[in-house]
Amino acid sequence: MATFHLRNGFISRGKGQSVVAAAAYQARARLHNEQDGLTKDYTRSHEQELLESAIFAPPNAPDWVFDRERLWNAAERAEDAHNKTRARSARTAQKLEIALPHELNPEQNRRLLQDFLRDNFTRKGFVCDVSLHGPHKKGDQRNTHAHILVTMRTVNAQGFSAEKPHLSKAELRERVNHWRENWARQCSRHLERAGFKLEAARMIYAHKTLEEQQKIAEARNDLEHAEALKRAPTLHEGPTATQMKREGKGAHSWRVDFNERLAAKRDDLRKMRAELAQVRETEERLAYAHTPAGRQARLARIHEWQRDKLDMQQARARLQQQDAHAWARREDAAASPVLKAWRERDRARETAELERQQAEQREALLETQTATARQQAEREPAGEARPAPAPSYSYRPPKPAYWSERIRRANQSEAAREREEAAARYHERVMREQNTSHAPQAARPEGDIKNSRDAAAWWTDPKDRDPARPEPETPRPFSPAEVLEKLAQVRKAARTMREREERQRREWEEEREAGRSIVDDWLDGMMNKKDGPR
Amino acid sequence: MTEKTAARLESLRKRKAQLENRIADAERQAKVAARKLDARRKIVVGGAVLAAIADSPGLAAMVKTVLAQRVTRALDRAAVADLLGDPPKPGPG
């Protein structure tokens, strides 16, 4: 976001300052001061590039105000002519230093400045000498800023007026605050016009103190900005201190020193805030842990951890077994096929045994856990509802599917379990009757079958049929033509199958190792049979 | 007096005024610099003395005497009331 900076000051003869010299510097010009006969030439100093310089004047001003040299010499002369009491220590001009929003290009910035100056100075009869300076070569490249010199007296067609507006300190402060507010508003308007909506929304209150800004940002729900505003204000270092810093003499400037210490403190503060947040979070977690719900959650976590551990152990055991089997297979390479098949069967048995054992282990663990959880739930009925703790974003590996299935089964009611088991039994029977080897599907509740063409509808046992549901139609007998067609189809299918079998047999023949007979294949087949060789 | 002489006089007078202005400006700049340096010295000395007071009660007594003699304005006395040992005055309101 654009930096807000607007600072005012005066060019005062009382301090030995000359407005002509100041104007020459900021406009990078060569100007002659008639008061002391000196000529200041800043045309060749280019540390900060001069982007633009212009003079804005009220419409009734004479033409000479647009000549910088004549304008400021006239301002000096006006003090001599009209200031009877303190001509030699008078203020000859007001100076403003304004940071321009870096989002805008020079042309947009020029229009922004024009609006601001017209509202605050030109309309009231003052002349402004504006210079836009670019960033220093070694500094922040967004530091485009404007130096503005404003006459102390109003200008009309005859020249400078004899009266000089005098402001008390309080009035001046009020005036400057008004300018700051106006600058913020104008900036916001121009940023919005240039398409920077967010910056515009933030800029409109940027003239306030950091605390006030933070409150406003929070009220507008701009929390990111509010967080960024949570800091102690730094001191404006100014050109002298910045120059010292560039030359490596930062510690000699107390402003730079102060800012550095502030930055260090800010880092400390940020760390402390983070720690505080951690402590607070821990407190909350502890408080939650001592409620019944918290204890339940803790038990669930422990159970999860136990299951994870068991998973890990079992996976390791399986891997070890696979490893051992692989080594054994390697050793068996030289053995006879019969022996090899025999041992392979042993290994398959071992694998099955391990699987069974592991399933038992899981079952046992789950039973223990369910019992513990039930006990705790009976001992402590759950307390009042409490929002779940904030999610942790650390990585957690996904859990195996069978745990969720088992947990679901462990937690379901007796009736539901019976219902489900009955469905499974029934399903199994249908499977057996149909002599299919499909994997048993999850049982469907009764009302779930919507489409009568669903396969499940055909599996329904006639005895269990819902009387409200119409009987499936019996197929009509085929006509002779259809019979012939079907017969042709069947013959074609049979031929295809025969061909396929023949092809496969030939492939097998080709694949068969030398020295291996059909008997070996038959023996292998016998070995792989579930009941073992006869 | 010829025209030439008058013009010369005029330019010399202008030159004189410019030189006077330049002298005045230089004097003012010197004055500002001197005042800045003076203020800086006061701050440095005051800071050092204030820091040393904490360690040496003798110096504290001396400072108290000096302040009691030299600080006469009420506002200034209020600013250093704790060093003078003055009783705190009831505030306005």
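Note that the coordinates shown come from a computational prediction; the quantities given were computed from them, not determined experimentally. We use all heavy atoms of the structure for the numbers below, so side chains are in, but hydrogens, waters and symmetry mates are not. A note on names: the letters A, B, ... follow the listed sequences, proteins ahead of strands, and every chain is numbered from 1.
- In this structure, the side-chain hydrogen bond (donor to acceptor under 3.5 Å, both in side chains) partners of His5(A), at least two apart in sequence or on a different chain, are Glu97(A).
- Relative to the ring axis of Tyr25(A), Arg28(A) places its NZ or CZ within 45° and under 6.0 Å from the centre.
- Judged as a ring-ring contact (aromatic ring centres under 6.0 Å, His included), and not counting sequence neighbours, Phe10(A) has no contacts.
- By the 6.0 Å contact criterion, CG on Asp63(A) is open, its count of non-hydrogen atoms from other residues, nucleotides or ligands being 12 or less.
- Here Trp179(A) contributes atom CH2 and Gln94(A) contributes atom CD; the two are 4.0 Å apart, rounded to the nearest 0.5 Å.
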For chain A and chain B, what donor-acceptor pairs lie under 3.5 Å, backbone included?
unit_1   : atom_1 : unit_2   : atom_2 : d
Gly16(A) : O      : Gln29(B) : NE2    : 2.7
Glu34(A) : O      : Gln18(B) : NE2    : 2.7
Gln35(A) : O      : Asn21(B) : ND2    : 2.9
Gln35(A) : OE1    : Asn21(B) : ND2    : 3.3
Asp36(A) : O      : Arg22(B) : NE     : 2.9
Asp36(A) : O      : Arg22(B) : NH2    : 3.1
Arg88(A) : O      : Arg28(B) : NH1    : 3.0
Arg88(A) : O      : Arg28(B) : NH2    : 3.2

Residues Val150(A), Asn120(A); criterion side-chain contact (heavy atoms from CB on, under 4.5 Å); working and verdict:
CA-CA 11 Å; Val150(A) 187; Asn120(A) 291 294; over 6 Å; no
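- Residues of residues 155-171 of chain A lying under 4.5 angstrom from chain B, judged on non-hydrogen atoms, do not exist.
- The closest donor-acceptor contact from the side chain of Ser131(A) to the backbone of Gln26(A) lies under 3.5 Å.
- Atom CG in Leu31(A) sits 10.0 Å away from atom OG1 in Thr43(A) (nearest 0.5 Å).
- Here the NZ atom belonging to Lys215(A) is positioned 8.0 Å from the OG1 atom belonging to Thr209(A), to the nearest 0.5 angstrom.
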